[in-house]
Amino acid sequence: MLSLYDRIGGMSVIEKVQKIFYDKVYNHNWLGLYFKHIDQKHIESQQAKFMSGLMGGPKIYMGSVPKEAHRIILATNELFDVRKGLLIESLKEANIGQSEIDEWIKKDEAFRSVIVKKSISDCKKVYDDEEIIYYEKP
Ligand code: HEM
């Protein structure tokens with residue numbers, strides 16, 4: 001059976017989804033705050049490479065694992081759900097089929113428990129001068 005990567009249409013389609021998705025993320029009045037100092041093209045590229053490996057495509061992602069990449073980001077379940085809503089909208093806009101959307105979302109959901117935190121004490125600072133990244137819902 002073809003991998004999810006191949007059924008979706010490979011890297012160019014994954015990149016297209018990331019562009020649609022991060023345009024929404026950066027324009028969102030809450031989730032967008034978390035990304036205001038991050039270059040959009042860079043995060044789109046990192047996320048596309050990360051998803052490629054997860055979907056059975058080339059393993060070309062060289063960044064940190066999600067637990068590390070989000071260790072000082074305080075994201076609640078409510079924020080994670082906002083992100084999930086934007087991701088579903090983006091996958092639909094990119095004309096991805098419903099069963100592939102379900103599989104993509106399932107892979108994404110697998111990271112909820114390592115990313116979502118209840119409080120600042122769940123964040124892991126490595127350097128003293130690091131600031132916890134947290135924004136209340138506007
Ligand atoms: C509400 C939930 C989330 C928020 C607020 C969030 C926020 C962020 C931010 C601000 C960064 C940039 C960090 C930096 O470069 O210093 C980042 C990076 C990243 N995130 Fe998320 N994220 C969320 C969920 C997810 C999920 C579910 C995944 C996996 C499916 C994911 C995968 C990644 C990856 C792969 C990077 C790149 C890390 C690197 O370049 O080393 N994120 N995220």
Side-chain angles (χ1 to χ4, degrees):
M1 189 178 144
L2 283 177
S3 63
L4 178 58
Y5 177 88
D6 286 327
R7 276 180 286 130
I8 258 172
M11 199 57 173
S12 61
V13 174
I14 296 178
E15 283 170 348
K16 181 175 150 191
V17 170
Q18 298 308 335
K19 165 87 175 89
I20 297 172
F21 173 60
Y22 280 105
D23 278 353
K24 292 183 192 296
V25 167
Y26 275 72
N27 279 311
H28 193 272
N29 68 343
W30 186 18
L31 191 50
L33 300 172
Y34 285 80
F35 290 87
K36 61 184 177 189
H37 300 303
I38 311 283
D39 179 71
Q40 187 179 339
K41 287 264 169 290
H42 176 73
I43 196 85
E44 283 173 16
S45 161
Q46 288 294 82
Q47 191 70 247
K49 289 176 185 158
F50 180 74
M51 292 312 296
S52 165
L54 277 189
M55 292 176 174
K59 295 197 187 306
I60 45 180
Y61 175 69
M62 305 282 279
S64 317
V65 292
K67 189 174 179 186
E68 280 305 308
H70 302 82
R71 67 185 165 73
I72 55 166
I73 299 172
L74 176 46
T76 59
N77 265 312
E78 190 182 9
L79 186 66
F80 200 96
D81 286 340
V82 167
R83 181 186 178 279
K84 182 177 180 176
L86 297 182
L87 182 56
I88 292 172
E89 276 176 25
S90 307
L91 290 161
K92 287 185 177 155
E93 279 176 35
N95 294 318
I96 307 292
Q98 190 57 52
S99 60
E100 283 78 23
I101 292 181
D102 293 344
E103 283 181 63
W104 183 312
I105 294 298
K106 195 172 163 195
K107 290 189 183 297
D108 201 86
E109 271 291 328
F111 294 96
R112 182 186 285 263
S113 62
V114 298
I115 289 174
V116 164
K117 300 173 189 70
K118 285 199 173 64
S119 70
I120 286 181
S121 60
D122 294 334
C123 294
K124 301 253 175 315
K125 280 199 199 184
V126 173
Y127 309 105
D128 285 343
D129 61 350
E130 283 182 316
E131 299 266 357
I132 302 296
I133 303 166
Y134 172 65
Y135 299 95
E136 276 182 25
K137 189 178 180 182

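Quick caveat: nothing in here was measured; it's all calculated off a predicted structure. We use all heavy atoms of the structure for the numbers below, so side chains are in, but hydrogens, waters and symmetry mates are not. Just so you know, ligand 1 is whichever comes first in the structure, and atom 1 is the first atom listed for that ligand.
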Worksheet entry | Non-neighbouring partners of Ser3 that pass side-chain hydrogen bond (donor to acceptor under 3.5 Å, both in side chains), sequence neighbours left out |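 Ser3: side-chain hydrogen bond (donor to acceptor under 3.5 Å, both in side chains) contacts with Asp6.
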
Worksheet item: Are the side chains of Tyr134 and Lys117 in touch, meaning some heavy atoms are under 4.5 Å apart?
Response: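 They are not in contact (no side-chain heavy atoms under 4.5 Å apart), so the answer is no.
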
Discussion item. For residues 56-72, which residue pairs pass the side chain to side chain donor-acceptor pair (under 3.5 Å) check, not counting sequence neighbours?
Written reply: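 Side chain to side chain donor-acceptor pair (under 3.5 Å) check on residues 56-72 returns Arg71-Glu130.
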
Practice prompt. May I ask you to decide if the ring planes of Phe35 and Tyr26 are parallel, tilted or perpendicular, using 30° and 60° as cut-offs?
Written response: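 Tilted: the ring planes of Phe35 and Tyr26 meet at 30° to 60°.
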
Sequence neighbours left out, cut at 3.5 Å: what donor-acceptor pairs do the side chains of residues 16-23 make with other protein atoms?
| residue | atom | partner | partner atom | Å |
| --- | --- | --- | --- | --- |
| Lys19 | NZ | Asp23 | OD1 | 3.1 |
| Lys19 | NZ | Asp23 | OD2 | 2.8 |
| Tyr22 | OH | Gln47 | NE2 | 2.8 |
| Asp23 | OD1 | Gln40 | NE2 | 2.9 |

Discussion item. I'd like the contact residues of ligand 1, where contact means a heavy atom below 4.0 Å.
Written reply: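 Ligand 1 is contacted, at a heavy-atom distance under 4.0 Å, by Leu31, Tyr34, Phe35, Ile38, Ile43, Gln46, Gln47, Phe50, Tyr61, Gly63, Ser64, Ala69, His70, Ile73, Ala75, Leu79, Phe80, Arg83, Asp108, Phe111, Ile115.
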
Worksheet item: Any ion pair linking Arg112 and Glu109 (charged N to carboxylate O, less than 4.0 Å)?
Response: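 Between Arg112 and Glu109 there is a salt bridge, with a charged N closer than 4.0 Å to a carboxylate O.
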
